[in-house]
Every structure is written in structure tokens, then in C-alpha cells.
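Notes follow once the structure below has been shown.
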Amino acid sequence: MKILIIKSSYRSGSNSSALADKVAEGAQVAGAVAQVIDIGRLTINNCRSCYACINSDNFCVVHDDMYQFYQPVADADVIIFASPVHWFNISGQAKQFIDRLLAVAVLPRAPFSTKGFAALFSFEDADAVRSGCVNALRMFQDMCSMTKARWMGALYCSADKAGEAAARPDLMAEAYIFGENIVKEFKKK
Ligand SMILES: Cc1cc2nc3c(=O)[nH]c(=O)nc-3n(C[C@H](O)[C@H](O)[C@H](O)COP(=O)(O)O)c2cc1C
């Protein structure tokens, strides 16, 4: 079982990235092959809405930093997005990445319908609803519903300063277990 974990924060000591690393650890110990990628500082351009990917053997006409990730996305059984909440939704970088996924979302080549999705969020507000995390959550749930992918849940934390999440053993333990559980749940299907 292959899990692809996508970090999308720019900053060092990222809270959402700390969740991602622990989830990967738990998933690996539970028997998955977990690949963690960090797109936070990469150049990922807009989807051009050209739909060339739909009728082509190539993933995308835009050959930027995104291109290397199409095959790992296509090969993954479970994809986990890790994102800070920025202005009541996922980070712009995560959104760019997701917009560019049309090439692998619906084609017969590697449709999302065989995959599981989960998400990890960090935000400043003490309340998850007020933070806007719920908007991000809803986006992923709608994406799964449309592509017939399996929604496997989310883990989120209130943390603001860099390094804050990693310094919380309770949260790191929760993230580790979340990773383990994703593997167990996926195998049950
Ligand atoms: C541009 C920007 C927008 C933000 N918007 C929100 C927000 O809407 N809600 C919230 O609770 N926190 C918001 N935050 C705080 C971050 O979500 C918080 O610091 C988080 O832990 C950052 O995660 P990271 O360390 O993985 O980048 C914002 C931070 C920035 C820089």
C-alpha cells in the first residue's frame, strides 16, 4: 500500500508539516510505503483549463515543478494533504496542486475512484469552525464525492508559531495513530 503525503507550507518549522511527518511515521510502521513530498517552495503554475490532459498520453502541457508528481499521485493508494489554513481555506500552494490534478482525477489511467484521501490542517484560531478549517474540509469531501474517491478523515490542530505543533507530544502521538489508522482502514475496504 502506497501513501503519498503532500506538505504545502512555505515556512520552516511548519505545524502542518510536523503533523505530516508523524502521520508518515505511523503509516510506515503499520506497513505502508509512505512518500512525503514538500511543495511549499516549488513553482506550481495555474491549471490552464485547456483540457489537453484529458485527450493526451501526457499528464499536462505545463512542465513545471508539478510534473514530477503526476506519477506518484497516479500510483498512490491514499493521498494525504497537509496544509496551513490561510484565509479560511487551504494554502494557495495546495490549491494550485489540486487544480492541476485533473490529469489524474478522472482519466481511466488512474482515477481517484480507487483512492483514499485524508487531510491535515493547522490554524491559529482556538476554534476549528472559526478558523475556516471547515471550508478546507468541505472542499476535500466534495472532491471525493465528485470523483468517487474514499474520504478517510482529517486531523487538525490549533497552533500558530512555527515549531508549536512539533513541541506537543500529545498531538504528535495523535498524528502517529492517525497514520496507523489510515493504513488499517484502507486495508479493510
Ligand atoms: C496568510 C495567512 C493566513 C492565515 N489565515 C488563517 C485563518 O484564516 N484562520 C486561522 O485560524 N489561522 C490562519 N493563519 C494562521 C496559520 O494557519 C497558522 O499559523 C498555522 O499553524 C500555519 O501552519 P504552517 O506552520 O504549517 O504554515 C494564517 C496565516 C497566514 C500566514
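Whatever order the structure lists ligands and atoms in, that order sets their numbers, starting from 1. Note that these values count all heavy atoms, side chains included, but never hydrogens, waters or copies made by symmetry.
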Geometric cation-pi criterion Arg150 and Phe117, 6.0 Å radius, 45° cone: no
For Arg130, side chain to side chain donor-acceptor pair (under 3.5 Å) partners two or more places apart: Asp125
Polar side chain donor-acceptor pair, Ser91 to Ser8, under 3.5 angstrom: yes
Ion pair Glu164/Lys161, N-O distance below 4.0 Å: no
Contact residues of ligand 1, where a non-hydrogen atom lies under 4.0 Å away: Ser9, Arg11, Ser14, Asn15, Ser16, Pro84, Val85, His86, Trp87, Phe88, Ser122, Phe123, Glu124, Asp125, Ser131, Ala159, Asp160
Distance-only donor-acceptor check, side chains Asn45 and Gln96, under 3.5 Å: no
Salt bridge Asp64-Arg100, side-chain N to carboxylate O under 4.0 Å: yes
